[in-house]
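Single-structure report; data block below.
Not measured: the values here are computed from a predicted model. All values below were derived from every heavy atom in this structure, side-chain atoms included, with hydrogens, water molecules and symmetry-related copies excluded.
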Amino acid sequence: MKPKSPTGPLTPKTEAQTILLDAWTLAAEEETVPLAACRGRVLAQDVFAQYNIPVVRASAMDGVAVNAADFAEGRRPDCTGWRPGLEYSRADTGDDFDDKYDAVVPIEQVQVLPDGGLIFAPDVEIRPGLNVRPSGSQVEKDSLLCKKGTRLTALDIAVIGMGGYDAAPVRRRPKVAFVPTGSELVPVGAELARGQNFDTNSLMAALLLEEMGAEPVPCPIHRDDPDAIERTLDELLPQTDIIILNAGTSKGQEDYCGQLLKRRGQLLFSGVAAVPGRPMTAAVIEGKMVLNISGPALAAFYTLDWAVKPLICKYLGVPVPKRETVQAELTAPIGAPPMSMCCMLRLQKEGDRLLATPLNMRGHGSVGSGVLLTADAMYATIPGQGPKAAGETISVELLRETL
């Protein structure tokens, strides 16, 4: 396939996704991780219980354990002279107790006398197995606790722990380097001078990559020095799985990162029909996926979302997670560009209606990236589907848990 370029036909977003996934052939690796560090990790093997829980049997509630034979055939023995450890024992919920007892009477139906004797409620019915959990009733030995490919939650981890494990086999997280480039960039929190911008993309990317299941590899800000960036690329290739060069890609005079990928690797495409982030370049270099993505914050977010997330999920062997969607009524039209366009939306409830107001990136009423990134929802146009009119109801993806 002949790569397309920003000055020529652009690669459609769905085609670009397919090209990236087909070229992503890295074999997944496994590692064993302590359970306390497994939240969000993807299980690499089925996990089976090593023990029965309870091991023998246990009390199903707080009470006293007795021998049901003492109450057989309706007998009501005088228990006021009973002593703990002889005719009965205390057995709280989950407790093991002596094998000579086979029933547990709820403590609410028992009066414990000061000297240890008992008085049972007149209507209590005592039989073998009363309020006793049998061996394996909570966890059965050799039963499947958690399936391979599960992205582990706190509840999953607790279940694996019940099976007798203190660690679990998980997929190694792919290492993803995010390299911010631009002589105008300074670290977040630095003194901002004229002509400078904060490097917030590195912060955003690291957090998003962690959410996706990757291991972010932090990189310092690189000035607009093509030779230095190439040296960094050479340093990162042996120790990472995906490398993302941020900025240095455009139709202007600083398109050095895109040129680097074209010169060093197997070019997959140059320019994609997705905005923001159209001048994206992708290549395979020494078996590693290397992407050059646009610098604006929303472009970086959108590209990470549609291009990088599927790669990470493919490696981990999990489906790409879908955001919650809601139906919302547009307060203003959304155009129909000949490419996929990410529209950020502000949501507002008005009675029973949920209204969606597009936040324009350009033209009349446009807002800055600081406002765009605070949007409540997003909507990606699909080429060929036509514009969306004001008053039309569309399905939008929520970016926040609550409206």
Side-chain angles (χ1 to χ4, degrees), residues 3-8 10-11 16 175-209 216-272 274-286 288-304 307-308 361-362 368-370 372-373:
K4 303 175 179 69
S5 70
T7 56
L10 298 170
T11 302
K175 295 182 178 180
V176 183
F178 187 88
V179 184
T181 73
S183 298
E184 78 284 2
L185 295 179
V186 295
V188 172
E191 187 75 22
L192 194 65
R194 180 174 177 175
Q196 294 181 331
N197 287 317
F198 290 125
D199 173 30
T200 54
N201 280 1
S202 290
L203 178 62
M204 175 180 67
L207 297 173
L208 288 173
L209 290 168
V217 177
C219 297
I221 296 169
H222 285 62
R223 297 182 62 81
D224 293 319
D225 182 344
D227 293 335
I229 293 173
E230 185 165 9
R231 288 193 296 271
T232 296
L233 176 66
D234 289 329
E235 293 172 1
L236 291 171
L237 282 170
Q239 55 182 301
T240 60
D241 303 307
I242 299 174
I243 299 172
I244 302 170
L245 305 178
N246 186 213
T249 176
S250 68
K251 293 181 286 186
Q253 60 182 351
E254 296 181 349
D255 186 19
Y256 49 85
C257 289
Q259 295 300 323
L260 172 62
L261 268 61
K262 296 174 187 178
R263 176 167 55 82
R264 289 289 303 273
Q266 173 195 348
L267 185 64
L268 300 178
F269 55 81
S270 180
V272 64
V275 291
R278 178 172 54 180
M280 171 189 175
T281 303
V284 175
I285 304 177
E286 297 180 14
K288 306 298 177 67
M289 184 67 70
V290 184
L291 308 176
N292 181 211
I293 70 175
S294 298
L298 184 58
F301 163 75
Y302 189 40
T303 307
L304 288 168
V308 178
M361 293 180 286
R362 296 177 181 174
S369 58
L372 289 170
L373 295 182

Item to check | Evaluation steps, side chain to side chain contact (heavy atoms under 4.5 Å, CB included), between L237 and L233 | outcome: CA-CA 6 Å; L237 282 170; L233 176 66; 4.2 Å; yes
Checklist entry - Are M289 and V308 close enough, and set up right, to give a side chain to side chain contact (heavy atoms under 4.5 Å, CB included), and what steps lead you there? => result CA-CA 10 Å; M289 184 67 70; V308 178; over 6 Å; no
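Annotation: the span from C219 atom SG to I243 atom CD1 amounts to 8.0 Å, rounded to 0.5 Å. Once rounded to the nearest 0.5 Å, the distance linking OG1 of T232 with CD of E235 reads 5.0 Å. Atom CG of N246 sits about 12.5 Å away from atom NE2 of H222, to the nearest 0.5 Å. The structure places CZ of F178 at 13.0 Å from CG of L236, a figure rounded to the nearest 0.5 Å.
Annotation for R223 and I229: closest pair O-CD1, 3.9 Å, computed over non-hydrogen atoms. Scanning all heavy atoms of the two residues, the minimum distance from A274 to Y302 falls at CB-CE2, 4.1 Å. Taking all atoms of both residues into account, the shortest heavy-atom contact from G182 to D224 is CA-OD1, 3.3 Å. Here the shortest heavy-atom pairing between A283 and L267 reads CB-CA, 4.1 Å.
At a threshold of 4.5 Å between non-hydrogen side-chain atoms, the residues I244 and L304 count as touching. Looking at heavy atoms from C-beta onward, L185 lies in side-chain contact with N197 at the 4.5 angstrom threshold. No side-chain heavy atom of Y256 sits less than 4.5 Å from a side-chain heavy atom of L245.
Applying the salt bridge (charged side-chain N to carboxylate O under 4.0 Å, His left out) test to pairs two or more places apart or on separate chains, none has a residue in residues 180-201.
Every residue meeting the side-chain contact (heavy atoms from CB on, under 4.5 Å) condition with L203, not counting sequence neighbours, appears here in chain and number order: L207. For A299, the side-chain contact (heavy atoms from CB on, under 4.5 Å) criterion is met by P276, S294, P296, not counting sequence neighbours. Listed by chain and residue number, A190, I221 satisfy the side-chain contact (heavy atoms from CB on, under 4.5 Å) test with P187 (two or more places apart in sequence, or in another chain). Scored by the salt bridge (Lys or Arg N to Asp or Glu O under 4.0 Å) test, R263 finds E230 as partners (sequence neighbours excluded). By the side-chain contact (heavy atoms from CB on, under 4.5 Å) test, P216 is found to be paired with A206, L209, E210, residues two or more places apart in sequence or in another chain being considered.
Test I242, D241, L208 against V176 for side-chain contact (heavy atoms from CB on, under 4.5 Å) and you get one pass: I242. Screening T281, L260, T181 for a side-chain contact (heavy atoms from CB on, under 4.5 Å) involving N292 leaves a single residue, T281.
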